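These notes concern the structure reproduced below.
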There are 2 protein chains.
Amino acid sequence: MDRPAVAVARAGSRAADRPETRGERKERTRQAIMDATLALCEDSSLVALSLRQVAKEVGIVPTAFYRHFASIEDLGLALVEDSFVSLRAMLRDVRRTDPDYGDIIDSSITVLEEHVRSRHSHFAFIARERSAGPPAVRAAIRHQIELVERELATDLARLTDPAYWSTEDLAVLSNMIVTLAVGTTEAILSARHDGEQAIVEQARTQLRMVLVGALRWRSDERAPTDRVEPVEPAERG
Amino acid sequence: MDRPAVAVARAGSRAADRPETRGERKERTRQAIMDATLALCEDSSLVALSLRQVAKEVGIVPTAFYRHFASIEDLGLALVEDSFVSLRAMLRDVRRTDPDYGDIIDSSITVLEEHVRSRHSHFAFIARERSAGPPAVRAAIRHQIELVERELATDLARLTDPAYWSTEDLAVLSNMIVTLAVGTTEAILSARHDGEQAIVEQARTQLRMVLVGALRWRSDERAPTDRVEPVEPAERG
DNA sequence: ACGTTGAGTGCACAGACGTTCACTGAGTTC
DNA sequence: GAACTCAGTGAACGTCTGTGCACTCAACGT
């Protein structure tokens, strides 16, 4: 285990022996750097990663790194971009599957699970660096998540009755669903394989619980807070 | 800004000139190390912290560190212990305030806000290292959070009707509330001061939404998933 | 064909890193 | 008050860090 693990393909990887364009080579090395970085900080974090570790893993000399990124932090910002491409691909799949399938909740969580599995280094990167990355990376991730929240809020507006749901409360609901999705993602990523199904089932139940509440919600009422204690006598049997 | 910022008090800090016990001094330095570490990894993470940085901040020589901890990871485990003392103090306050105050939700979130503010380095540590710390630290934090979830589940059992709530669903609800609490904590910690009140209000609304759902929940029904689309015709006006 | 461009090389540097070791000297135990 | 304990010292080590600089040489523009 001494030679690069996520190395940039040394020579003639495929496709006969076409000479390979200058831009192609650069892009390939850039991609190799990003892959190696995702692999290396899978346990720990970007902030604990050195430029030389990345270079060694890729199979280039440390100074060659600067041809692609000005710093590790700069690399991190590029990885945020890449990771949110994966996340948005998931959101597209969620929306695409919704009308077909009968149960929005089941299908949404299934799509989440599939994407988290297949692109797990991207989702893990977002979840980790969101709170532990370099300040600029944290800011970029939080901004992207905020955009996603706003999108989800407009989606929810189409599914709810505007007479009962204020736009503020839609934003709050959207934030809650995103928070739960992040939590579920983290749980899937840190679960052993045999525990994954239980987590997915839990996420489905949670989403159902939230939507039971959503069905009964009225933005102009200050909700059930004073009815929460006398719950037993209410409607039994 | 060259001399230690969170230094162990050099000599005769207070209390006349009592010679100071050996154990007292050790405990004081140990505490200074932990405080300095919390301060240093406030932005970034434990895994990005060097033993020498900590020593310099405390005002001791690097090798003196080993008199207190075997490694940074070991230090991290001690910080987990300390941080969860703060978290459990918060839970105690939540439970203590509940019966007095009319509104469980308002008072709980208020208590959360107060504790997160006054012990914010502890809460920030948990939130950050939970997903970015050294593996052993991550494991310790997840275990502690799991214990908290179990406690909350038994609390919830006392507030809900056992005829409608299975113990499994109580665990799921508990997990959801903890996830939301973690999310709210992270939001408070990364908010500018003027945005904090909005976040607190959002957390209250979210908890209300969840409890509206909880009131209507029946563990033996597969919830409202097929009623989520025809929501407009249901009960208007 | 020929000069230019630029990704990747190789060396060199000064500084920070974790850890070792023998040490000092104040607090403790007899 | 003499012997002991042990938190903190200070120098030294080999290794790893980011970055500067002069370089090569294949793809590129003309």
Side-chain angles (χ1 to χ4, degrees), chain A residues 2-4 6-13 15-34 36-37 40-41 44-76 78 134, chain B residues 2-4 6-13 15-34 36-37 40-41 44-76 78 134:
Chain A
D2 221 345
R3 285 299 124 205
V6 189
V8 49
R10 218 49 179 134
S13 60
D17 27 322
R18 178 166 56 82
E20 181 177 46
T21 283
R22 197 117 112 173
E24 281 175 343
R25 174 157 176 78
K26 176 156 192 182
E27 182 54 29
R28 194 159 50 86
T29 305
R30 184 186 152 93
Q31 212 32 253
I33 290 176
M34 296 176 81
T37 304
L40 280 175
C41 72
S44 83
S45 160
L46 245 201
V47 292
L49 211 59
S50 75
L51 186 152
R52 286 179 111 102
Q53 279 176 61
V54 174
K56 179 181 285 186
E57 182 86 355
V58 174
I60 58 175
V61 95
T63 48
F65 178 93
Y66 292 112
R67 298 286 178 195
H68 302 274
F69 304 99
S71 63
I72 292 282
E73 175 168 324
D74 192 36
L75 207 202
Chain B
D2 220 348
R3 283 301 124 201
V6 189
V8 49
R10 219 43 178 139
S13 61
D17 27 320
R18 182 167 51 82
E20 182 175 43
T21 284
R22 198 118 111 172
E24 281 175 346
R25 175 159 175 77
K26 178 158 191 181
E27 182 54 31
R28 193 159 51 85
T29 304
R30 185 186 152 93
Q31 212 34 253
I33 290 175
M34 296 175 81
T37 304
L40 280 175
C41 72
S44 84
S45 159
L46 245 201
V47 291
L49 212 58
S50 74
L51 187 153
R52 287 178 111 101
Q53 278 177 63
V54 175
K56 179 181 285 188
E57 182 86 356
V58 174
I60 58 176
V61 94
T63 48
F65 177 93
Y66 292 112
R67 299 287 177 193
H68 302 273
F69 303 100
S71 63
I72 292 282
E73 175 168 324
D74 191 35
L75 207 200

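Quantities reported herein were computed from a predicted structural model and do not represent experimental measurements. Order of the sequence lines fixes the chain letters, A, B, ..., with proteins taken first and strands second; residue numbering starts at 1 for each chain.
- Taking A:Arg67 as the reference, nothing meets the side chain to side chain contact (heavy atoms under 4.5 Å, CB included) condition, with sequence neighbours excluded.
- For the pair A:Val58 and A:Phe65, the minimum side-chain heavy-atom distance is 4.5 Å or more.
- The side chain to side chain donor-acceptor pair (under 3.5 Å) check on A:Ser45 picks up A:Glu129, with sequence neighbours excluded.
- B:Ile60 has its CD1 atom 19 Å from the P atom of C:dG25, to the nearest Å.
- Rounded to an integer number of Å, the gap from A:Ile33 CD1 to C:dG8 C1' is 11 Å.
- Put simply, CG on A:Leu51 is 18 Å from P on C:dA16, counting in whole angstrom units.
- Two residues are said to be in side-chain contact when any heavy atoms from C-beta on lie closer than 4.5 Å; B:Ile33 and B:Ile60 meet this criterion.
- B:Arg30 is listed as a side-chain neighbour of B:Met34, based on a closest heavy-atom distance under 4.5 Å.
- With sequence neighbours excluded, no residue forms a side chain to side chain donor-acceptor pair (under 3.5 Å) with A:Ser71.
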What pairs of nitrogen or oxygen atoms, one from the protein and one from nucleotides 28-30 of chain D, lie under 3.5 Å apart?
unit_1 : atom_1 : unit_2  : atom_2 : d
D:dC28 : OP1    : A:Arg22 : N      : 3.1

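- At the phosphate of D:dA7, neither OP1 nor OP2 sits under 4.0 Å from any side-chain N or O atom of B:Thr29.
- A distance of 9.5 Å separates NE2 of A:His68 from CD of A:Glu27, quoted to the nearest 0.5 Å.
- Side chain B:Arg25 to base C:dG27: no donor-acceptor pair is found below 3.5 Å.
- The interatomic distance linking A:Arg28 (CZ) with C:dG6 (P) rounds to 19 Å, in whole Å.
- One atom, CZ of B:Arg52, and another, C1' of C:dG18, lie 7 Å apart when rounded to the nearest Å.
- B:Glu27 places its CD atom 18 Å from the P atom of C:dG27, with the value rounded to the nearest Å.
- For the pair B:Leu46 and B:Thr37, the minimum side-chain heavy-atom distance is below 4.5 Å.
- When the side chain to side chain contact (heavy atoms under 4.5 Å, CB included) test is applied to B:Arg52, the partners found at least two apart in sequence or on another chain are B:Ser50, B:Pro62.
- Annotation: proximity of residues 63-71 of chain B to DNA chain C (heavy atom, distance under 4.0 Å) is found for B:Thr63, B:Tyr66, numbered in ascending order.
- Rounded to whole Å, atom P of C:dG8 lies 19 Å from atom NZ of A:Lys56.
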